[in-house]
Amino acid sequence: MKANKTLGYEYIKGFWETNPVLKQVLGMCPTLAVTVSVMNGLAMALATTFVLVFSSLLISSIRKLIPNQVRIAAFIVVIATFVTIADLVMKAQFPDLSKALGPFVPLIVVNCIILGRAEAFASKNSPFRSFLDALGNGTGFLIVLVVMGGIRELIGSRTLLGYQILPNGFEPWLIMILPAGAFLTLGLLMGLANFYVDKKKRSEREELIQKYRKSQNDVEVKGQEA
Amino acid sequence: METTTVNPTYKLELTSSPHVHSRWSTKQAMWFVVIALIPALISAVIFFGQYQLLIILTSVVFCIGTEYLIKKIRKRKVTVTDGSAVITGLLLGLILPPNFSLSSTAIGAVFAIAVGKEIFGGLGYNIFNPALVGRAFLQAAFPVAITTWTKPNFAVDTVTSATPLAAYKFDKVFTSIQPMFFGNIGGSLGETSALAILIGGIFLIAVGVVNYRVPLAMILGMILFAGIFWVIDPVKYPNPLFQIFAGGFLFGTFFMATDWVTSPITSKGMWIFGLGIALLVVVIRIFGGLPEGVMYAILIMNSVVPIINRYTYPKIFGEAK
Amino acid sequence: MIFMNHTKSFKGGVHPQEQKELTENLSFEVMPNPKQLIIPLTQHLGKPAKPVVKKGSEVKTGEIIAEQDGFISAPVHSPVSGKVSKITVGSTVTGFPKDAIVIESNDVNDIVLMPSLDPGKVSPEEIRERVKLAGIVGQGGAAFPTYVKLSPPADKKIEIVIINGCECEPYLTRDYRYMVERTNDLIIGLRLIMKAVGVNKGAIGIENNKPEAINKLKEAVKNYPDISIEVLETKYPQGAEKMLIKAVTGKEVPPGKLPFDVGAVIQNIGTAIAIYDAVVKGEPQLTAALTVSGLGINQPKNLIVRVGTPLADLLDYCGGVKESAVKVVVGGPMMGVAQYDFSAPVMKATSGILVLTENEINDHEETPCLRCGKCVDVCPLNLIPTKLARLSSLEKFEDAEQLGITVCMECGTCTYTCPANLPLVQWIRFGKQRVMALQRERESA
Amino acid sequence: MDLLLIFLSAAIVNNFVLSLFLGICPFLGVSNKTSSAISMGMAVTFVMVLTAIVSWILYFIVLVPFKLEFLQIPSFILVIASLVQFVEMVIKKVSQPLYRALGIFLPLITTNCAILGLALLLSMREYSLLQSIIFGLGAGAGFTMALFIMAGIREELELTDVPKPFRGVPITLITAGLLALAFMGFAGMI
Amino acid sequence: MEEILIEEGIVVCRENGIAEVEVFPAQSCEECSAKIFCKPDKDDRNVLRVNNSIGANVGDNVRIEIKGKSVLAASFNLYGIPLIILLIGIFLGTSIFSEYKLVELYSAFFGIGLTAIYYLFFLSHNKNRQNQILPKIVFIKRNS
Amino acid sequence: MKKVIHMIATLTIIGIVAGGLLSEVNNWAYPLIVANQKAETEKAIFLVQPNGKSYEAVKSPEIEIYKVFDENKNLVGYSLVSAGNGFQGKVKIMTGLNKDLSEIEMIEILEQVETPGLGTKITEEPFKDQFKGLQTLPQINWVKGKAPEHPNEIQTITGATISSKSVVAIINSGLQKARELKDKGAL
Amino acid sequence: MELTIIIAIATMGGLGFIFASGLAFADKKLRVEENPLIGKVNDVLPNANCGGCGSAGCYDFAVKVVDGKALPTGCPVGGEETAITIAEILGVETGTAIKMVPKILCRGGNSEAVKKMTEYYGPISCKAMALVSGGDKLCFYGCLGGGDCVEACPFGAMIMNENELPEVIEEICTGCGICVKACPRNIIEMHPADRNVFVFCKNQDDPKRSKEVCSVACIGCGICARKSDGGIEMVNNLGIINYDKLDDSKIPFEKCSTGAIQKIGGRNIPVN
């Protein structure tokens, strides 16, 4: 079943179908914590994607060498190494950003997305597929973080990427950049995503029912003729 | 004399027992609460002017509107006539500061109903008191606007616009009890006049809408906990009477904490709930950064109501003691 | 706790509008025999009786037409003389159809009685045997065969016999009329029960809204120091077994246990009278005394009718139903069963027929539960009705079992009080059935 | 007083779950049984205190003197993992039945970001060992409290008519949001 | 009200009064985002030791219950008491080793040592009591 | 046994490789990070001492304080770092002081975790500017809801009274220590 | 700098060594052998944990299949594709998966069944209605029309039609059988999708009452049974079909006065 999925699908599925945050409910901590602005969300997502892609690639290529029992442990070390690299690079090159993200860059280690993908995908698939999968999941993560950051920044401080968007007459809702706002925004966002999926499912079912009704009528008509 | 045959031509009802019901209905209880809020409403207009009616009206209209809209979207029976949205609107309006902006009021009202109530499934399912959710939201969203107080209409010179609690917290000034009793002080619309609140509250207890346990527990708890601090240092800490009459304590006692939905269902639970609120109010007022703590105290206790309920289920009749 | 009540009672309960004044002062009237009687074979709790007559058999009044089948069962006697026209499935007042013997009455008055016994000399065994033969079932509602209750297990020490004179259900005045009209027979009946179970302490519990009955009974027991009249607070469900025992003796019957376990035997007023009739007059249970009341009936009455009389005949006799009637209930308004078929017959344990109008029912719009806790306050068994009902409707039976759903006696106080007008009892009954089925399954496994 | 402040800050004012967003995964996945919430909380608190001790020693006795701060992340996570593994083994050795009943919490804890977050925070804030322990204790207490309250609320939520798209994680998040809103009342206590 | 946790599973082995039951992942496990760590690999199955007083056989589908109080008691024994001992040990340690330079380090080891002793002590004692707080099989399903 | 060796070897090798790799990366990054931190401190020091051109750290176990000199190596004042608890957590402030510690040049908030949009106003100009030229003797005071009347008073931010008060308290306590140091002649 | 690198390598290597040793030790002690096939089979299963296979969840089913206690075709939700994949994993022959579908064996909807003279008020749910004198209809065996089965269906494969009878949309139906459990009246039965003769009634009353309560009830006349050569048996006034012996050409469908026994469709329902 898995073999016939196209390479494109491995990439694209992470956007929506198996979106790490909205569908797999992974990586909630950074999603909630760093999305006070688009910039933070973007930086966090990029750092995570970096770690995700490289660790997936590496794990997938050495997957056959690692004994099953130390699998998770080995993954953790690999991931931790890449996280440290990301952390050091950030501190060296983008000190401001590193400060804004606080301890959440090191915490990428325990981001369930990375370990989850490593465990569920990279340890079973070829490096190229794992690469695409990781990139797709990273992008999905990025989409959510940017949307979250966008909503919170726009309403919470009426700016986007630091530029004022909403007029001065709009009083910013400070709650959006507080922890409570993060929970509420993500909750509503996930609810909305589910709502959309539900609606699609419902309309599909409606269609089937319509078809069933029609076929039912056909039978009745035939029955009357006979 | 009206007579018919043995089997009437129309349909009789077939229901499960019992076949008679008490006169109590949700709707009736809700409208009693609305009536009980009228004195506070009047005092708000007397002390802060007619503009306040507009705030309350906005709040009520947006509450009803949101509830109507959500019920329509969810294709559920529209239940705005049960009065619960009206109460939420009134309560929210009455705990806002005078001359609060109408647009913010509307946002708070929408939030109170949508997130405080309907997202949990509507009336009866909410965990937190919707009006307080709305108010806490506004407090977090517009912290400056919501702590901007205006002087009451009959302000004597000595009375500043600051609420008695803020005056105590930041300037160590105690307001005397008499203006606090009548409501001639700064504060939220409905919260200033202890007299008006007491009239409404006692009415609710008298007609049986509100159980006496929660208010009694809260007031006794306040006397106890505030008393402990007062005895320790009467200069630094305010006396219990001041604590009871100041801020939103009385309003919270009679109208917020007694909300059926968000208070415990067991009688033991109600005592714990009331005492818990009183303790938290004292702690937040004395140690916290905010002068007022009733709203947060009630919200926090709301969140532990399921746990209180679970651990205070009464012993089943006949079970070993 | 704060408002200690000096009248003996229990915690919780409600006080619905009594409506007893409709029939309180009307003495029993004997209703003429109807043309056709439908006599269900299951008029008691337990196994159905086994018919001993066939289609076309001629029967006499008092003759056994179906015999006891098994330990918990009761024989059925023909209430009239006539001919068996068929044995078929017929509606019953319990709401579910049961096998029944249909008898065409022939208006001949030949009654077969058992020999009369002297209440002073009769032995406990004789009393029990007589009660069993007479097919007497409890008049309290559950219709438990009475002889079983008179034979407590040997290891249970019985201390007191309590006669339930509370009649806490609104409208019903049957027990009240019995107490007023047949005071002395009642006392003899009680003494017979005390003899049968071998105790020398008897009590009659009466709510304090029946002063005349209290006076008469107090007068009648003057010479019996072993019988006391306990005046109790007027409150529903004062007449429930557990509540009555609590009020009279102060003991609580543990969940899943019977009154036996706290040394008490409870009998209804009607049962005591029936025992008197069976022992002293030798008459099996052929009639039911009942109250026909409610604002929807034209002539409220206290009646003595033959078992098997269809409701239709009975309502006709009471002048028919008013246009404003919306519900016909057999039993009391709190625990009775709404009727859909008026061909259903009166049974041995039927205590009343109520025709209710909209005004009395006080039905209002159903809203979600507001967790006001009123049901918790009034539940006499200290349960959490709202939670139990919700758990049952969501089929979370394990949780419901944990919270003691099987203890519920379906007294209806919670639904009566509920401001949201939720059908709590209906859901709890559903959950209770399923939980009990689960428990049975577990035991068998 | 300093220690009390650290404790209160970690437990209530800057609650790990409600304002630092650490340990969200178990918080969202928490069962609706209050007793398992407390058990889990106790296990986490215990491991947190141990982690505080061990990572403090590791950081200030080993990494800092040897200028190895950059190994913080991998070494912390390895040490925590070994620690949990060790506790697991000890418990198993000591009490097989209890391990079977409660051991399942432990692997969950290994990768709980609250634990690593605790280790990182205490090194960032340069707490002393005693302060670190109190910090761990406070964080554990706060985590347990949040878990406990949420378990109670979830039990209630199971019986409600939450709109279908919001059932499960979304309503938990929203409830957490309102809880965070309520806990803002404690702001300013430190 | 007493809280009771219910699990269902299949008996994998039994020995005088004790059985091992493999527990099926509950429905709620599906929602849990931590599920990947719950069973690090599929080989490590979720097996519980339970009291088998009703005599379930290997292969039976059973329901097991554990009292909330027992879970609490067990976790208190397992985590609560060690935690307290650890803390006491450290505070004691700070006063005992107050003259040394690395007070904190020594006291930490002291606390951990005390905790280890507790665990070892725990090992040799109250085995029986432990069996009492085990979950127990309450119901065998014979549908399949 | 072979399996065990395999397991241990794998993990050890991964650990060694990781360790090596990380130290290489660190070798590259460490100087940059140190430089960043230094630049940041420097920036702050000169921000609160606009006339400063060079500085020198004062060695003191109690406080972090820098002597700031102008282009002629004349002492123009001090840059004092003080920290304490704000509304929600630690607040770290750099204060520029004149030579005899009696007047503030300017302040800069280095670290804070105050309520966004409210407590964070302490980092904004209107609040910080109040400290320009503020008298520090006998100590700084705050007033609420009205314009300051004395040269050593500032007005608190509406809705963020506690944060404003904390800033004042933190600076006061830092000043206290600095004065003690000066009295000892260490400055 | 050299020293740092060495120490770093030593630290990390050492930590890795310690951890791995711990794991190896734990592994030796903890090991529970399990057939790796179980995991593979479990991966193929839909993991809806609906219980339609009669096992408690998908993992349980996987264990059973690997042990040979269940057939690869046992998962009704996964259908043929899953069955084939499982068979491949296990290296066994698959039987043909026969799709089971629920049949609603009552046709007494609003227009056919005789209603009581009273009207039911209360929760609209079969399980609640069944408690109150059995709902609105006089028949004590038929569909209550409360829609519990529709509510219960996790796949949305059932609808209530205008006549207030449930209908199964077999294209969506997965044959999990949850609706069967939901019905308090037991009128839903699972049948292979290709069966087309059913007695659409469960009424066991005597013929007279059956006739009174519903116009489409089986009144127990027994005509079909007499002609069926043992394919139909009369039990308690109700025709019960023995599908093994049934020869539908012998059944006089037109003789059934109420149309309780019927041959349906002739439609070919695809197995998905």
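Throughout, a chain's letter reflects where its sequence line sits, starting with A, and its residues are numbered from 1. Reckoned from all heavy atoms, side chains included, excluding hydrogens, waters and symmetry mates.
- We find the CZ-CG distance between G/F17 and F/L11 to be 10.5 Å, quoted to the nearest 0.5 Å.
- The CG atom of F/L22 sits 6.5 Å away from the CE atom of G/M12 when rounded to the nearest 0.5 Å.
- Neither the backbone nor the side chain of F/I14 has a heavy atom closer than 4.5 Å to any heavy atom of chain G.
- Shown here for F/G19 and G/A8, the closest heavy-atom pair between the two residues is O-CB, 4.0 Å.
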Yes or no on side chain to side chain contact (heavy atoms under 4.5 Å, CB included) for F/E24 and G/I5, after CA distance, side-chain angles and deciding distance?
CA-CA 8 Å; F/E24 282 304 325; G/I5 294 181; 3.4 Å; yes
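- Summarising the geometry, atom OG1 belonging to F/T12 is positioned 9.5 Å from atom CD1 belonging to G/I18; distances are rounded to the nearest 0.5 Å.
- In F/K99, the NZ atom is not crowded: 12 or fewer heavy atoms of neighbouring residues, nucleotides or ligands sit closer than 6.0 Å.
- For G/E151, the CD atom is loosely surrounded, since the number of other residues' heavy atoms within 6.0 Å does not exceed 12.
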